[in-house]
Amino acid sequence: MTDLDPRSVDAGAAPSPAGGAGVVRAAGGISGAAPVTSAPPGPSHPAPDVAVSSEARPRDETREGADARAQDGAQGGVRDETRDGAGDEIPASEATVFSRAYRALTLGIISVVSLIAFEASAVTTVMPVAAERLDGVELYAFAFSGYFTASLFAMTLSGEWCDRRGPLAPLFAGVAAFGAGLVVAGSATQMWMFIAGRGVQGVGGGLVIVSLYVVVGRAFPQRLQPAVLASFSTAWVLPVIVGPVVAGTIAEHVGWRWVFLGMPVLVLLPLMVMLPALRKLPPGEHSAAMDRRRILLALAVAAGAGLLQFAVQDLRWLSLLPGVAGAALLVPCVLRLLPTGTFRAARGLPSVVLLRGLAAGTFLGAESFVPLMLVTERGLSPTMAGLSLTGGGLTWALGSYAQSRPRLDAHRERLMGLGMLMIALSIALAATALIDGVPAWIVAASWVIGGFGMGVTISGGSVLLLKLSRPEDSGTNAASLQVSDALGNISLVGASGVLFVAFGGGSATVSTHDAADAAGSGGHPAAFAAVLLGMAAMALVGAFVTTRLRPGKA
């Protein structure tokens, strides 16, 4: 899953723009920008005159008197009141994400994320059928890696675009690209066309996810941002549960192509709902020219990641050449693309970005091999093995919601440390399913624990990103966070694959006709143990990184 959740200092009891007695006005539906000084994901947050400290002090603490507040409203900041459906004023402390000022935008955001989540779960379900029908099983992995590789470039482009022009254009461009990719993949007659379609989808997905961060940071007040971004995780719950069933039914009775071709039209409605509110957001504060150096770095990172993936999946001596070229492109460019000090866990924002990659990569690196372990080692059917992970999706949303509670804001860093420990415990517990006498349901129970830890950690990271970013840099930093996610997925899933093969797992076999007969035949418990314990160890490294999330002396 891809995730979110922002927040600023006193998110739970943040003073209103009028110093505690005011209310927030939203003319026509959305307040021009977030009342955030500390770090809205929207790079174009209109507060150039507000100094942002490491404590991310809210804007209203930097201004005095009614004249200053009036000036604040004129500059596009959050206004003084909001109104309900009957036109009555609502105190700022009582406004919710479903108040009239924010309702359309909230529903639109949730709908877009839900559709992307449904597509992700549906593709996983129909990919074996698509690869077989297109005679491209040997290119199976590229259909997934192509999406993530293309999104690496698009995320950085989106951050620059949002910082200069606001989120409206990149959001719509991303949705258009995502829809075009669906059409290309659904109408593909050869596997390379299908992979190209997935790459176009990746460009669209990268543009959209960063744009949504920016929208939340600029359109919602600090107090509501954690709830909005927690809804990103919640929006994944239903698609993860029903997506495989719906996609499988469509593929079986109508055809796998319609899983792709039927979705582009569905994306238009939530965009139309959001459009009036999105058009009220002010433009970016930066100059019109985008940072070409940063965009070229992102392109080099994507190319390097693609070459490395090719080398890993084509294990021949000749593959050393693209592997070395990929590493030569990837490593130095990533060091320049992410915040300085990311890979040495420098305090503050660099550690937040590093932690997101570690959390995402360790969980996915383990999760990718759990179903295969349950089928080959415990004799479960592929369906039952997949269902063992469903509980993690539900508790992920629960953890995201729990960390958004205002009274927990002061303890966010410690909560994220606890979340990483829960992830490590979850993965280690799943490894015990390799021991004779331990019931297979231990995996389902362990993933419930890990899902909650992921919800707390991933969403908490989004909150801290907004809190620690300067308004004019929040789009760029949101892109860095997503790039770290993607790199963590690519690198740690790849590391899991290397561990699996190194410990003899490359010859494991799966019988989908009689899963019970597969248990113990061709299984390699040492290979699965190496993967799971290796990812649990990486989660413990992430727990250490959480001790460096708070800015301060290195």
Side-chain angles (χ1 to χ4, degrees), residues 2 139 141-160 195-196 198-203 205-207 209-210 291-346 349-362 364-365 368 476-499 501-502 534-535 538 541-542 545:
T2 316
L139 300 176
F142 285 103
F144 293 99
S145 61
Y147 180 98
F148 290 113
T149 302
S151 69
L152 278 174
F153 166 71
M155 290 168 185
T156 300
L157 174 63
S158 184
E160 290 292 319
I195 294 172
R198 291 287 291 157
V200 176
Q201 281 184 258
V203 171
L207 290 172
I209 194 64
V210 174
D291 187 345
R292 293 183 180 179
R293 174 180 171 275
R294 186 171 176 81
I295 294 174
L296 289 175
L297 285 173
L299 185 60
V301 167
L307 288 171
L308 278 176
Q309 291 169 63
F310 173 79
V312 169
Q313 294 177 34
D314 186 25
L315 296 177
R316 295 180 299 171
W317 285 108
L318 288 176
S319 299
L320 284 175
L321 185 59
V324 171
L329 277 174
L330 182 65
V331 175
C333 292
V334 165
L335 289 174
R336 291 171 173 80
L337 194 61
L338 297 181
T340 303
T342 295
F343 292 103
R344 57 181 173 84
L349 184 63
S351 286
V352 173
V353 172
L354 175 61
L355 180 65
R356 276 291 291 265
L358 287 173
T362 53
L364 184 60
S368 299
T476 298
N477 290 338
S480 294
L481 199 70
Q482 296 301 319
V483 167
S484 180
D485 270 356
L487 286 174
N489 288 335
I490 292 170
S491 59
L492 291 178
V493 171
S496 294
V498 170
L499 286 172
V501 173
M535 293 302 103
M538 290 303 300
V541 173
V545 174

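What you are looking at is a predicted structure, and each value in this text was computed from that prediction instead of being measured. This chain uses plain numbering: 1 for the first residue, then up along the sequence.
In terms of heavy-atom proximity, Gly206 sits nearest to Ser158 at O-CB, 4.0 Å. Of all heavy-atom pairs spanning Ala154 and Leu207, the tightest one is O-CD2, 3.7 Å. Taking every heavy atom of both residues into account, Phe153 and Ile295 meet most closely at CE1-CG2, 3.6 Å. Contact between Thr149 and Gly306 at its shortest, heavy atoms only, is CG2-N, 4.0 Å. Of all heavy-atom pairs between Gly199 and Ala150, the closest is O-CB, 3.2 Å.
Looking at Thr362, its side chain never comes within 3.5 Å of a backbone N or O of Met538 through a donor-acceptor pair. Ser496 places a side-chain N or O within donor-acceptor distance of the main-chain N or O of Leu492, the cut-off being under 3.5 Å. Side chain of Ser351 to backbone of Ala345: a donor-acceptor contact under 3.5 angstrom is found. Between the side chain of Arg356 and the backbone N or O of Val352 there is no donor-acceptor pair closer than 3.5 Å. Here the side chain of Ser151 pairs no donor or acceptor atom with the backbone of Gly202 at under 3.5 angstrom.
Atom CG of Asp485 is separated from atom OG of Ser480 by 11.5 Å, given to the nearest 0.5 angstrom. In this structure, CG on Leu296 lies 11.0 Å from CG on Leu337, to the nearest 0.5 angstrom. Rounding to the nearest 0.5 Å gives a distance of 12.0 Å between SG of Cys333 and CZ of Arg294. Note that OG1 of Thr342 is 7.0 Å distant from CG of Leu349, once rounded to the nearest 0.5 Å. Residue Leu481 holds its CG atom at 9.5 Å from CE of Met155, rounded to the nearest 0.5 Å. To the nearest 0.5 Å, atoms OG (Ser491) and CG (Leu358) are separated by 8.5 Å.
Among Leu487, Leu152, Leu307, Leu335, the one residue that satisfies the side-chain contact (heavy atoms from CB on, under 4.5 Å) test with Leu330 is Leu487.
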